[in-house]
Amino acid sequence: GTGKSTAIAEIIWQHIRKEQKQKILLTSETNLAVDNAIDRLKNPENNVVKPIRFGKAENLESEGYFYSLEAIEVWQNGNGTQSNTVSHWLNNIVNRITIQNDEQIDSALEKWKNHLQNPNAETKNLFANKYLEYVNLIGATGSSIGKENSENKWTSFFRSYLNVFNREDYEKNNRSACNRIHISFDTIIMDEASKATPPELALPVLFGKKSIIVGDHRQLPPMIDGEEIKDLLISIGEKELAETLSKKEFEISQFERLFTHIDESIKGTFDEQYRMHPTINNVIAQFYEKDGGLKCGLPLEESFHNSFQDKASRYHGLNFKNFITPETHTIWINVTAPEIQEGTSRVNYGEIEAIDNVLSVIKNCEG
C-alpha cells in the first residue's frame, strides 16, 4: 500500500509525455498486476499513452482485454460492441466536440460526431491502424516473454510484437524481414520483481536500454523448488553445477540480491503506506525495521473511526460483545493446536477452526 502501482503509472506518463514515440514494456509476474497497472493509465480526455496488452484472452481480466489486439480486431470486424482502447479514443474525440454557435460549423460537427459514434468499417480500420502506428506501451507477464514462438498470433510475444511494430512485413508474411527483427524497448518496467525467478527477471531486461525494477523483498519470494532444480541439473549431466547450489541460494530472491547490493544513487524506498489502519501497520512494521521502518500515511483523527464517508476512513462498524467493536482493528487469537504435515504441505486444523469461528462472529455482528 505504499504507492508502487501509482508510481509506475506516473513514470510511464512522464516518459511518454516527453517523447510520445518511445516504446515501453511493462511486465509483472501476474496477469492481474499488468492489467491493473495499464488500466490506471486510462484517461477520459486524451490517448497520449497508447497501450497494447499481449497475452491469451482467457488469461486477461476485462481491464487487460480492453487493450488487447484481439479486442481491437473483433471491434474492427463489426462482431462486437464491447469497448476497447481504440473505441475509447473515438469517444474521447467525441467528448471534445463543442458547439461553436455557427450554423454551418455546428452542422458539420454534428455529422462528424454522429459518424464517430457509429463508425463504419473504413473509419474503424483507419483509427485502429493509426492507433497501432503510435503504440508506445506494451503490457505482458514476464513468463510469457520467454515462451516458445507459438503459431497462435494472440499468445506469442514475438508475433504480437511484429503485429504492432512491423505490421507491414507481418501482414505480408515476409518471413526474411520478420526474422531479422530484434525486439527492443527504450524502457523496461518490471512490477512485482521480488516474486520473479532469475530467468523471469532477466528475460525482459534483455530487451531494454533502461530498466526500472519495482518490488518488495519483505513479501513472498518466488516459488522455487531447489531440490527439483538440482535433480534436473543432474539429469542433464550438470552434477558439478548442482553441487554448487546451496539451500540458501533459493531462499533469497534475485530482486533482493540486486536491491541490497546496488549503489544507493540508483535505488529508492517507499516507507509510507496508505492501505492499512495504523494498528495493523504496527503489526507489519516489524518486518521493515532493517529498511528504516514502515509509517502509516492515514490520518489518526477520531472522526475516521465512526464514518464510511472519508476515503481515508478504515471504519468497519462491527460490534460483538467481548470480541470486536468499531474501534478494534487487530485481534490476536491464541491457537494451541499443532501444525502437522500432510504430503508435501503443512496444515493446522486448530487455526482453520479458529478462523471459521471468527467469520461466524463477524457474520452475526451488529452493524
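These numbers were taken from a predicted model, which means no experiment stands behind them. Along the sequence shown, residues are numbered consecutively beginning with 1.
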With Arg218 via salt bridge (Lys or Arg N to Asp or Glu O under 4.0 Å) - residues at least two apart:
Asp291
Hits for ring pair (Phe, Tyr, Trp, His ring centres under 6.0 Å) against Phe207, two or more places apart or cross-chain, chain-then-number order -> none
Would Val361 and Ile333 show up in the same hydrophobic cluster when neighbours are defined by side-chain heavy atoms closer than 4.5 Å?
yes
Which atom of Ala354 lies closest to which atom of Val335, heavy atoms considered
CB-CG2, 3.8 Å
How would you list, by chain and number, every residue that makes a salt bridge (Lys or Arg N to Asp or Glu O under 4.0 Å) with Lys210, sequence neighbours excluded?
none
Pair listing, salt bridge (Lys or Arg N to Asp or Glu O under 4.0 Å) test, anchored in residues 179-192, at least two apart:
Asp186-Lys209, Glu192-Lys195
Scan residues 266-290 for pairs that pass salt bridge (Lys or Arg N to Asp or Glu O under 4.0 Å), counting only residues two or more places apart or in two chains.
Glu264-Lys267, Asp271-Lys295
Please check if the side chain of Arg167 supplies one atom and the backbone of Asn163 the other of a donor-acceptor pair under 3.5 Å.
yes
Pairing donors with acceptors under 3.5 angstrom, does anything connect the side chains of Glu256 and Ser253?
no
Sidechain-backbone polar pair: His115 side chain, Lys111 backbone, donor-acceptor under 3.5 Å
no
Might you point out which heavy atoms bring Gly3 and Phe270 nearest each other, and give the distance in Å?
O-CE1, 3.8 Å
Can you name the nearest heavy-atom pair linking Asn101 to Asp106, along with the distance?
N-OD2, 3.1 Å
Measure the shortest side-chain to side-chain distance between Ser307 and Gln309 over non-hydrogen atoms and say whether it is less than 4.5 angstrom.
yes
When you measure from the side chain of Arg96 to the backbone of Glu45, do you find a donor-acceptor pair of N or O atoms at a distance under 3.5 Å?
yes
Take Asn120 and Thr123 through the test side chain to side chain donor-acceptor pair (under 3.5 Å) and record every step on the way to the result.
CA-CA 5 Å; Asn120 57 24; Thr123 303; 2.9 Å; yes
Identify all side-chain donor-acceptor contacts of residues 32-40 below 3.5 Å with residues at least two apart in sequence or on another chain.
unit_1 : atom_1 : unit_2 : atom_2 : d
Asp35  : OD1    : Arg53  : NE     : 2.7
Asp35  : OD1    : Arg53  : NH2    : 3.3
Asp35  : OD2    : Glu61  : N      : 2.9
Asn36  : ND2    : Leu32  : O      : 3.4
Arg40  : NH1    : Thr6   : OG1    : 3.0

Given Asp216 and Tyr288, is the side chain to side chain donor-acceptor pair (under 3.5 Å) satisfied, shown in steps?
CA-CA 10 Å; Asp216 180 358; Tyr288 292 88; 2.7 Å; yes
Evaluate whether atom CD of Gln117 has more than 12 neighbouring non-hydrogen atoms of other residues, nucleotides or ligands under 6.0 angstrom away.
yes
Kindly write out the residues that satisfy ring pair (Phe, Tyr, Trp, His ring centres under 6.0 Å) with His329, not counting sequence neighbours, or none if the list is empty.
His277, His316
Mind listing the closest non-hydrogen atom pair of Asn281 and Met276 along with its distance?
N-CB, 4.2 Å
Residue list, salt bridge (Lys or Arg N to Asp or Glu O under 4.0 Å) with Asp310, at least two apart or on another chain
none
Does the His88 side chain pair with the main chain of Asn84, one donor and one acceptor, at a distance under 3.5 Å?
no
Can you tell me if Asn125 uses its side chain to pair, donor with acceptor, with the backbone of Asn77 under 3.5 Å?
no
Sequence neighbours left out, cut at 3.5 Å: what donor-acceptor pairs do the side chains of residues 227-240 make with other protein atoms?
unit_1 : atom_1 : unit_2 : atom_2 : d
Lys230 : NZ     : Leu245 : O      : 2.8
Ser235 : OG     : Leu232 : O      : 2.6

For Phe127, check ring pair (Phe, Tyr, Trp, His ring centres under 6.0 Å) against everything at least two apart and list the hits.
Trp89
Cluster overlap Leu109 with Val94, hydrophobic side-chain contacts below 4.5 Å
yes
Does the side chain of Ser360 pick up a donor-acceptor pair with the side chain of Asn357 at under 3.5 Å?
no
Examine Ile352 and Ile340 and state if one hydrophobic cluster contains both, with Ile, Leu, Val, Met, Phe, Trp and Tyr joined whenever side-chain heavy atoms are less than 4.5 Å apart.
yes
So, Arg346 and Glu342, do they make that salt bridge, N to O below 4.0 Å?
no
Salt bridge (Lys or Arg N to Asp or Glu O under 4.0 Å) involving Glu133 - partner list, sequence neighbours excluded:
Lys130
Tell me, please, which residues at least two apart from Tyr161 pass ring pair (Phe, Tyr, Trp, His ring centres under 6.0 Å).
Phe165, Phe185
Any donor-acceptor pair under 3.5 Å from Glu366 side chain to Leu318 backbone
no
